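Report on one structure; see the data block that follows.
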Amino acid sequence: MKFFLAIAAIIFVLSSCQNKTLQLLNTKWDCTKIENLDPVNSKKFASPEDSAAAANVEIALRELNWTFNKNLSYQCSIGDKIVTQGNYQLTEDEKTLICTPDSKNTVNRYTITSLTEDELILSNQVDNIRLIIHFKTH
């Protein structure tokens with residue numbers, strides 16, 4: 001009997017830790033800043049079209065939000081328009097967020113740099129550039 005109680009206690013402790021991470025993640029997050037994203041901060045554009053495209057990216061980033069649901073689904077939106085959705089999972093150590101869109105054409109892996117009730121910071125390696133994405137709760 002003591003053996004079963006010990007096993008139940010271990011399972012409870014392990015599931016509580018994972019539930020804490022999922023509980024913190026399960027909300028709507030508004031993007032506040034993306035570090036190392038070019039050409040958004042660049043003042044050197046090859047053409048007026050490049051400048052307009054960069055301005056459109058900046059506008060979109062101000063309205064970017066991600067929502068992570070308890071059923072392990074997510075959606076990425078710009079304002080109220082959903083641009084992608086799918087399922088997510090955490091690695092066993094809960095330091096990596098893996099997002100698989102419904103189209104399944106890519107799998108995006110993000111390192112969780114910080115996760116609190118008010119802040120989420122993810123990083124991702126894209127073409128030898130480390131993007132750092134800052135979020136706050138909605």
Side-chain angles (χ1 to χ4, degrees):
M1 182 67 171
K2 288 182 182 181
F3 175 75
F4 291 114
L5 289 175
I7 296 293
I10 290 170
I11 291 171
F12 176 75
V13 169
L14 291 176
S15 66
S16 295
C17 293
Q18 185 178 30
N19 287 339
K20 178 70 172 171
T21 301
L22 289 174
Q23 287 173 359
L24 288 172
L25 192 59
N26 289 172
T27 193
K28 185 173 184 177
W29 297 93
D30 294 327
C31 181
T32 59
K33 176 172 75 170
I34 298 181
E35 296 179 40
N36 303 325
L37 183 64
D38 279 332
V40 175
N41 294 323
S42 177
K43 300 298 180 199
K44 300 174 185 175
F45 299 110
S47 69
E49 291 81 13
D50 290 343
S51 179
N56 287 339
V57 168
E58 286 182 357
I59 290 167
L61 291 178
R62 282 187 281 237
E63 296 184 23
L64 179 68
N65 62 73
W66 285 6
T67 303
F68 296 97
N69 302 303
K70 291 179 183 178
N71 67 357
L72 301 180
S73 68
Y74 78 93
Q75 60 188 37
C76 176
S77 302
I78 297 178
D80 292 330
K81 182 180 179 192
I82 297 172
V83 292
T84 189
Q85 58 188 0
N87 295 307
Y88 72 93
Q89 63 186 14
L90 295 171
T91 55
E92 191 171 312
D93 64 3
E94 299 182 359
K95 294 182 180 180
T96 303
L97 174 66
I98 303 168
C99 296
T100 305
D102 287 343
S103 64
K104 295 185 175 50
N105 60 352
T106 60
V107 174
N108 298 303
R109 300 174 70 87
Y110 302 93
T111 301
I112 300 172
T113 304
S114 176
L115 177 58
T116 66
E117 289 181 8
D118 303 320
E119 175 186 65
L120 171 62
I121 300 175
L122 302 174
S123 64
N124 184 5
Q125 190 77 22
V126 177
D127 296 331
N128 296 322
I129 297 172
R130 168 115 359 238
L131 293 179
I132 302 170
I133 311 166
H134 298 260
F135 296 91
K136 66 177 182 173
T137 54
H138 184 74

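Quantities reported herein were computed from a predicted structural model and do not represent experimental measurements.
No continuous path of hydrophobic side-chain contacts links Leu64 to Ile132 [ILVMFWY only; heavy atoms under 4.5 Å]. Both Tyr110 and Val126 belong to a common hydrophobic cluster when Ile, Leu, Val, Met, Phe, Trp and Tyr are linked at side-chain heavy-atom distances under 4.5 angstrom. A continuous path of ILVMFWY side-chain contacts below 4.5 Å connects Phe68 to Leu115, so both sit in one hydrophobic cluster. Leu24 and Ile121 are assigned to two separate hydrophobic clusters, defined by single-linkage of ILVMFWY side chains at heavy-atom distances under 4.5 Å. Linking Ile, Leu, Val, Met, Phe, Trp and Tyr whenever their side-chain heavy atoms come within less than 4.5 Å puts Ile129 and Ile133 in one cluster.
Residue Thr67 holds its OG1 atom at 11.0 Å from CH2 of Trp29, rounded to the nearest 0.5 Å. Distance check: Leu72 CG to Cys99 SG gives 11.0 Å after rounding to the nearest 0.5 Å. Atom CG of Asp102 and atom CD of Gln75 lie 10.5 Å apart (nearest 0.5 Å). With rounding to the nearest 0.5 angstrom, the CG atom of Leu122 is 13.0 Å from the CZ atom of Arg109. With rounding to the nearest 0.5 angstrom, the CD atom of Gln125 is 9.0 Å from the OG1 atom of Thr111. One distance of note links NZ of Lys95 with CG of Leu90; it measures 12.5 Å at 0.5 Å rounding.
In this structure, Ser77 and Gly79 approach most closely via the heavy-atom pair CB-O, 3.6 Å.
Counting non-hydrogen atoms of other residues, nucleotides and ligands closer than 6.0 Å to CG of Asp93 gives a total above 12.
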Can you list the steps and then say if Tyr88 with Asn69 is a side-chain contact (heavy atoms from CB on, under 4.5 Å)?
CA-CA 9 Å; Tyr88 72 93; Asn69 302 303; 5.6 Å; no
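Tested against His138, the residues Thr27, Asp30, Asn65 include a single side chain to side chain donor-acceptor pair (under 3.5 Å) partner, Asp30.
Glu35 is listed as a side-chain neighbour of His134, based on a closest heavy-atom distance under 4.5 Å.
Ring geometry for Trp66 against Phe135 counts as tilted: the plane angle lies between 30° and 60°, on a 0 to 90° scale.
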